[in-house]
Amino acid sequence: MCIYNYSNLFYFFQIYKAPTMITSHIDDQLSNPRLATLPHQNNQADHANAPLLLQPANATSKSLLFDELRHFRISLKWCALDHSTCTAKFISYFTFIFFTIIVPIISSLCIKVPSDDPISFNNLVQFPESGLALIAFLTLSRFFRRYSLRQLLFLDGLQDDSSFVRRGYSRELDKAFRYLACILLPSFLVELAHKIIFFSTVKISLPYLSSGVPLNSTIFVLVLASWVYRTGVFLLVCVLFRLTCELQILRFEGLHKWFDGCGSDASVIFREHVRIKKQLSVTSHRYRFFIITCLVTITVTQLGALLLVLAFTSDKTFINSGGLVICSVVQLSGFFLCLLGAARITHRAQGIVSIATRWNMILTSSSARSDQGKCSVPEIDKTLVSESAVIGADSSEILVSISSQYPSSFQTRQAFVAYLQHNNGGITLFGFALDRGLLHTLFAFEFSLVLWILSKVVVLS
């Protein structure tokens with residue numbers, strides 16, 4: 001009986017530890033040669049053929065509730081973006097071609113707009129939606145050929161971070177899908193209402209098929225499913241980029257805490273900053289194709305749609321132009337999600353210089369006063385407290401307390417500050433920092449184009 005209880009306890013322990021083995025992807029094993037020397041190589045070999053998603057046999061395990069990537073795995077499963085096997089890759093590409101190319105072409109050919117409606121912008125939205133879905137799908141395909149889901153979200157390096165960063169990143173993983181739901185669900189409800197009204201006023205005809213309620217219902221469901229697929233793939237990449245930026249923001253906040261007190265060694269902070277900067281560089285290289293192509297696509301489609309809408313003097317109704325409005329809102333919301341995340345992390349990366357400079361000044365002043373035998377440290381603390389009273393809650397500045405017994409040398413701190421002054425970039429696009437200044441420049445450029453289009457419309461009318 002005792003042996004039987006011990007065997008049950010060992011079996012329970014193996015089930016409880018299963019998620020750490022299930023969530024590993026085959027790329028993790030191939031990209032880390034040190035795993036070949038571990039004693040449990042045979043156990044990992046059993047999971048070498050495990051796909052990116054969780055296996056169905058383990059889907060009912062209670063430990064799945066503690067899987068930090070369960071939301072992303074469910075999203076990838078329903079979006080047919082699992083590229084771990086040849087069969088899954090074929091299904092993924094077939095689903096993409098069907099919903100992104102075939103369904104829009106069929107809907108454009110079979111839907112006949114009434115003759116009393118001279119204009120209809122519903123066919124116009126097919127090009128930008130399919131284009132952004134193509135860009136997002138190619139981005140995800142390139143990611144999953146090279147990285148696993150944990151590597152893509154930098155989860156493998158969390159063991160080197162503090163508990164503050166790990167808890168914050170766990171909250172951001174859950175919060176990421178709130179952004180996706182806040183954009184997708186309201187847009188889906190409006191799109192559903194638009195498609196119901198739109199299909200009740202148009203006529204659908206296909207060769208060799210009789211028009212009627214079954215055909216109308218089939219085309220309606222396919223068009224709606226195509227919209228959900230294309231929009232979901234685009235927003236999923238935006239959420240992945242935003243989540244990656246939030247992780248680096250948490251690490252910079254943890255780095256700011258290291259300046260709290262003079263006991264922080266400059267060499268330790270330097271190594272941590274090098275690690276963060278390397279991950280920011282990797283993130284910039286991964287997503288620069290997505291950001292630039294989305295910027296060009298959205299700019300061209302939005303300005304072209306604005307020109308066409310203003311060129312027609314006919315009445316614009318919810319039926320003929322509702323799809324264009326929904327498409328514009330989704331595109332701008334997803335792209336602004338990326339830009340704001342990149343601007344925030346770049347602002348934090350640039351603000352670390354001022355914090356390190358003040359940290360160096362306080363340490364140097366404290367060291368000089370202690371050498372002179374003057375105990376005037378409380379005066380510095382009072383000055384900092386009075387200045388910190390006017391600092392907002394969102395400011396990146398922190399209160400530095402002087403409580404060190406082994407401060408870094410002045411030469412080391414000065415070299416570290418000089419390093420930060422020349423390596424303070426965040427997310428970059430071919431060397432250009434994606435900060436607030438670049439956002440202001442993009443806004444001025446886009447606004448100038450809008451004014452130019454308005455001037456052409458006024459002259460032509």
Side-chain angles (χ1 to χ4, degrees), residues 68-76 79 81 132-133 135-140 142-144 147 149-155 157-158 161 165-187 230-254 276-277 279-295 297-298 329-351 394 396 425-429 433-436 438-439 442-443:
E68 68 276 7
L69 299 178
R70 62 185 183 274
H71 296 301
F72 286 98
R73 298 180 187 278
I74 294 174
S75 299
L76 294 176
C79 291
L81 296 175
L132 292 178
I135 296 171
F137 184 82
L138 292 178
T139 302
L140 290 177
R142 182 170 57 89
F143 286 165
F144 293 140
Y147 320 104
L149 191 58
R150 297 182 63 87
Q151 291 176 340
L152 185 61
L153 297 176
F154 297 106
L155 293 179
L158 282 180
D161 293 304
V165 177
R166 290 195 296 267
R167 288 194 302 266
Y169 198 42
S170 179
R171 291 192 301 267
E172 292 297 332
L173 282 170
D174 296 332
K175 193 186 300 183
F177 278 84
R178 297 179 185 177
Y179 295 113
L180 182 61
C182 291
I183 299 175
L184 188 59
L185 289 182
S187 303
R230 291 180 291 178
T231 305
V233 171
F234 169 68
L235 293 180
L236 183 61
V237 181
C238 297
V239 168
L240 286 174
F241 177 74
R242 172 69 178 237
L243 185 59
T244 306
C245 293
E246 291 296 333
L247 171 61
Q248 306 308 328
I249 290 176
L250 289 172
R251 284 177 173 168
F252 270 114
E253 290 179 358
I276 298 175
K277 185 177 181 297
Q279 293 188 359
L280 287 177
S281 177
V282 171
T283 304
S284 301
H285 283 77
R286 288 178 181 177
Y287 290 94
R288 62 184 180 183
F289 168 78
F290 175 77
I291 294 177
I292 293 178
T293 51
C294 285
L295 176 62
T297 303
I298 293 175
V329 171
V330 171
Q331 290 178 7
L332 296 178
S333 299
F335 192 65
F336 282 159
L337 198 66
C338 296
L339 292 182
L340 292 179
R344 286 186 60 198
I345 185 59
T346 305
H347 176 69
R348 295 299 179 92
Q350 295 175 350
D394 296 334
S396 61
I427 301 297
T428 58
L429 299 176
L434 191 55
D435 54 1
R436 296 175 180 177
L438 184 59
L439 293 184
L442 291 176
F443 175 77

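Atom CZ of Arg166 sits about 12.0 Å away from atom CG of Leu247, to the nearest 0.5 Å. From Cys182, atom SG reaches atom CG of Leu337 across 10.0 Å, with rounding to the nearest 0.5 Å. Ile427 CD1 to Leu339 CG: the interatomic distance, rounded to the nearest 0.5 Å, is 11.5 Å. Separation of atoms CD (Gln248) and CZ (Arg251) is listed at 5.0 Å; rounding is to 0.5 Å. Atom CG of residue Leu434 and atom CZ of residue Arg288 lie 13.5 Å apart, to the nearest 0.5 angstrom. Put simply, CG on Leu180 and OG1 on Thr231 are 10.5 Å apart, with the number rounded to the nearest 0.5 Å.
The shortest non-hydrogen separation linking Thr346 to Ala433 is CG2-CB, 4.3 Å. Closest approach of Leu240 to Leu153, counting heavy atoms only: CD2-CD2, 3.7 Å. What you find for Leu250 and Val165 is that their closest heavy atoms are O-CG2, 3.7 Å. Pairing each heavy atom of Ile249 with each of Arg348, the nearest pair is CG2-NH1, 3.6 Å. Closest approach of Cys238 to Gly334, counting heavy atoms only: SG-O, 3.3 Å. Shown here for Leu280 and Phe252, the closest heavy-atom pair between the two residues is CD1-CE1, 3.9 Å.
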Exercise for the section: Would you sort out whether Leu236 and Val233 count as a side chain to side chain contact (heavy atoms under 4.5 Å, CB included), showing the intermediate values? Expected result: CA-CA 5 Å; Leu236 183 61; Val233 171; 5.7 Å; no
Handout entry: Derivation and outcome, side chain to side chain contact (heavy atoms under 4.5 Å, CB included), residues Thr283 and Phe241
Key = CA-CA 8 Å; Thr283 304; Phe241 177 74; 4.1 Å; yes
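Under the ring-ring contact (aromatic ring centres under 6.0 Å, His included) criterion, Phe234 pairs with no residue at all, not counting sequence neighbours. Every residue meeting the salt bridge (charged side-chain N to carboxylate O under 4.0 Å, His left out) condition with Arg344, not counting sequence neighbours, appears here in chain and number order: Glu246.
A 4.5 Å side-chain heavy-atom check between Leu152 and Arg286 finds at least one atom pair inside the cut-off. No side-chain heavy atom of Thr139 sits under 4.5 Å from any side-chain heavy atom of Thr293. Under the 4.5 Å side-chain criterion, counting only non-hydrogen atoms from C-beta, Leu132 is not in contact with Arg230. Between Thr244 and Tyr287, the closest side-chain pair of non-hydrogen atoms falls below 4.5 Å. A 4.5 Å side-chain heavy-atom check between Phe335 and Ile291 finds at least one atom pair inside the cut-off. With contacts defined as side-chain heavy-atom distances shorter than 4.5 Å, the pair Tyr169/Leu243 qualifies. A 4.5 Å side-chain heavy-atom check between Phe289 and Ile135 finds at least one atom pair inside the cut-off.
More than 12 heavy atoms of other residues, nucleotides or ligands lie within 6.0 Å of CZ in Arg142, so this atom counts as buried by the packing criterion.
Residues Phe154 and Tyr147 place their aromatic rings such that the two centres sit no closer than 6.0 Å.
Distance alone, capped at 3.5 Å, places no donor-acceptor pair between the Ser281 side chain and the Lys277 backbone.
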